[in-house]
Protein chains: 2
Amino acid sequence: MGNLTLPLIDPASDRAVFKQISDHLRGEIEAGRLQPGDKVPSESQLIEHYGVARMTIRQALRELQSEGLTVAEHGRGVFVRSRPPVRRLGSDRFARRHRDHGKAAFIAETEGIGGKPSVDSIQVDETQAPADIGDRLSLGSDARVIRRSRRYLINGHPVETAVSYIPAEIARGTQISTPDSGPGGIYARLEELGHRLDHFDEDIRARMPTRDEARALKLPPGVPVFHLVRTAFAEGGRAVEVCDTVMSSDAYVLSYHLPAR
Amino acid sequence: MGNLTLPLIDPASDRAVFKQISDHLRGEIEAGRLQPGDKVPSESQLIEHYGVARMTIRQALRELQSEGLTVAEHGRGVFVRSRPPVRRLGSDRFARRHRDHGKAAFIAETEGIGGKPSVDSIQVDETQAPADIGDRLSLGSDARVIRRSRRYLINGHPVETAVSYIPAEIARGTQISTPDSGPGGIYARLEELGHRLDHFDEDIRARMPTRDEARALKLPPGVPVFHLVRTAFAEGGRAVEVCDTVMSSDAYVLSYHLPAR
DNA sequence: CAGTGGTCTAGACCACGCG
DNA sequence: GCGTGGTCTAGACCACTGG
């Protein structure tokens, strides 16, 4: 089992056996004797080392997995999790000066950290606004919206899903309701349509993913998501877009600038 | 088992039995037939209903727990999780006009949502700056800092731990290095000392809690944390404080305002 | 006390990966 | 084919909660 320093179970301790085992393994990871990408000893090796039943070992391993420290790969083994490149979302990512350069925010930022950006499953349709979205857009209960759904990937690995809602009255028949929103993205199009943007509000939650989200982002167990809802306001105060995004928490650091005023 | 509509296992399906069971229960929760606070059928009831072994039921229940949908209470049962009151952290929470009113941000905001705020385990000491903190404060490697640790509670339930670091050179011998930082908190004291605050930078991550964090915040399994690191800058650009906080993700929505500039 | 969930055992068969 | 993890069974004893 390599250079690991795994003690034996202390039968006198009142700490559960599986917790003692997960403590040992967690200690090896935190001490760096098990590095990201390293293989954790197999179940059979641990069974032999500790002299316990298989389910006890599995419970210890599940503990580590639910803490986001390891991933199990069927037929290969259990590995210490290695983090993908982290994308930093800065407060100024929607500044007009970036938009004017013609690249959508995601592409520019991802190239900036040396990753290969891509976008897939772009779907655009017109639909009834969900209630919470309608509220944020200050629309009536029967309002129609253009809905743009897409998924963002870095180096082929999905990191974020996003759904934008724009009042149909604004976007219908424009490039916003076509899959390719053009240079600078939909914010550039909104400004061309005369909706000069003034500010954005972002609400951020963190939670465990639903089953669908875990599938769409290929999330291993133990990785939470950021759920970010951004509302874009035009000068004059009208809400012109709501963007509902779900991001893999280990692909992102969100970064904000607050004036002391 | 009440009004629940729990189907039987489909033996023809290739979906694992325990996943079929957790799908059923998840459906009852999402449909609202199991409301927050409701008791999920007991293991023995589920064993009888589905005719499977206990470990299979337990695996299904663990699935729901790791998704943050339920909590198990030893000797009582498994319950649908009910959310505590959510505290919204707004962009303007450190605006000077609030500080001038003399209430620290946490107290004022919590009373605003009808909760009873409290703070405990306040510890203050002087220590060597950890490397990452020293970097953020632009201090040398042997720099000393005043460290202020505390835990915030709403209605007696812990929601956040915070550790502030202030260069010792600034804070030594002032009220900042005493447990009670006085009206308006340490930001008010820093300004009185001539460090007029200009802006704050916040970095936000989400992840599963460590064991220590889960204990300090009494987090049930399946609840991630926000890890927020805020740096306070004085006019002139000097970093005068770093605050490292860990927040229960289901007690908070973070809210930010971004100018379109 | 009865009922609940928490831990643990000692097996079984299966599906996946890799050589 | 062999070793890996994934699922499942059928028991056991324990600790906690509540009447």
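Chain letters run A, B, ... following the sequence lines, proteins first and then strands; every chain starts at 1.
Atom P of nucleotide C:dA12 and atom CD1 of A:Ile47 are separated by 14 Å, given to the nearest angstrom. Spacing between atom CD1 of B:Ile57 and atom C1' of D:dG11 amounts to 16 Å, rounded to whole angstrom units. Atoms CG (B:Asp14) and P (C:dC13) sit 21 Å apart, rounded to a whole Å. Atom CZ in B:Phe18 sits roughly 18 Å away from atom P in C:dC14 (whole-Å rounding). A straight line from CD1 of B:Ile21 to P of D:dT9 spans 8 Å, rounded to a whole angstrom. At whole-Å resolution of the value, OH in B:Tyr50 and P in D:dT7 are 17 Å apart. Computed from coordinates, the B:Glu63 CD to D:dG6 P distance equals 12 Å when rounded to whole Å. In this structure, A:Glu43 places its CD atom 14 Å from C1' of C:dC14, rounding to the nearest Å.
A 6.0 Å sphere centred on CZ of B:Arg207 holds more than 12 heavy atoms belonging to other residues, nucleotides or ligands.
Put simply, B:Lys19 has a side-chain N or O that comes within less than 4.0 Å of OP1 or OP2 on D:dT7. A close approach under 4.0 Å does occur between a side-chain nitrogen or oxygen of A:Gln59 and OP1 or OP2 of C:dT7. Remark: B:Arg58 is in phosphate contact with C:dG6, judged by side-chain N or O atoms under 4.0 Å from OP1 or OP2. When the side-chain nitrogen and oxygen atoms of B:Thr56 are compared with OP1 and OP2 of D:dT9, one or more of them lie within a distance under 4.0 Å. For C:dG5, the OP1/OP2 oxygens have no side-chain nitrogen or oxygen of B:Arg76 closer than 4.0 Å. Neither OP1 nor OP2 of D:dG3 sits under 4.0 Å from any side-chain N or O of A:Ser44. Between B:Lys39 and C:dT4 there is no side-chain N or O to OP1 or OP2 distance below 4.0 Å.
Heavy-atom nearest nucleotides on DNA chain D were determined for A:Leu61 and for A:Met55, and the one closer to the 5' end corresponds to A:Leu61. Place A:Arg15 and B:Glu73 on DNA chain C by their nearest nucleotides, and B:Glu73 ends up nearer the 5' end.
In this structure, B:Arg81 contributes its side chain and B:Gly68 its backbone to a donor-acceptor pair below 3.5 Å.
Of all nucleotides listed (C:dA15, C:dT9, C:dG5), C:dG5 comes nearest to the side chain of B:His74. Of the candidate nucleotides C:dT9, D:dG5, D:dT9, D:dT9 has the atom lying nearest to any side-chain atom of B:Ala53.
Under the 3.5 Å distance criterion, with hydrogens and angles disregarded, no donor-acceptor pair is assigned to the side chains of B:His227 and B:Asp203. In this structure, a donor-acceptor pair under 3.5 Å is absent between the side chains of B:Tyr50 and B:Gln20.
Scanning atom types as modelled, one donor and one acceptor separated by under 3.5 angstrom connect the side chain of A:Arg54 and the base of D:dG6.
B:Leu64 contributes atom CG, which lies 5.5 Å from atom OG of B:Ser22 (distance to the nearest 0.5 angstrom).
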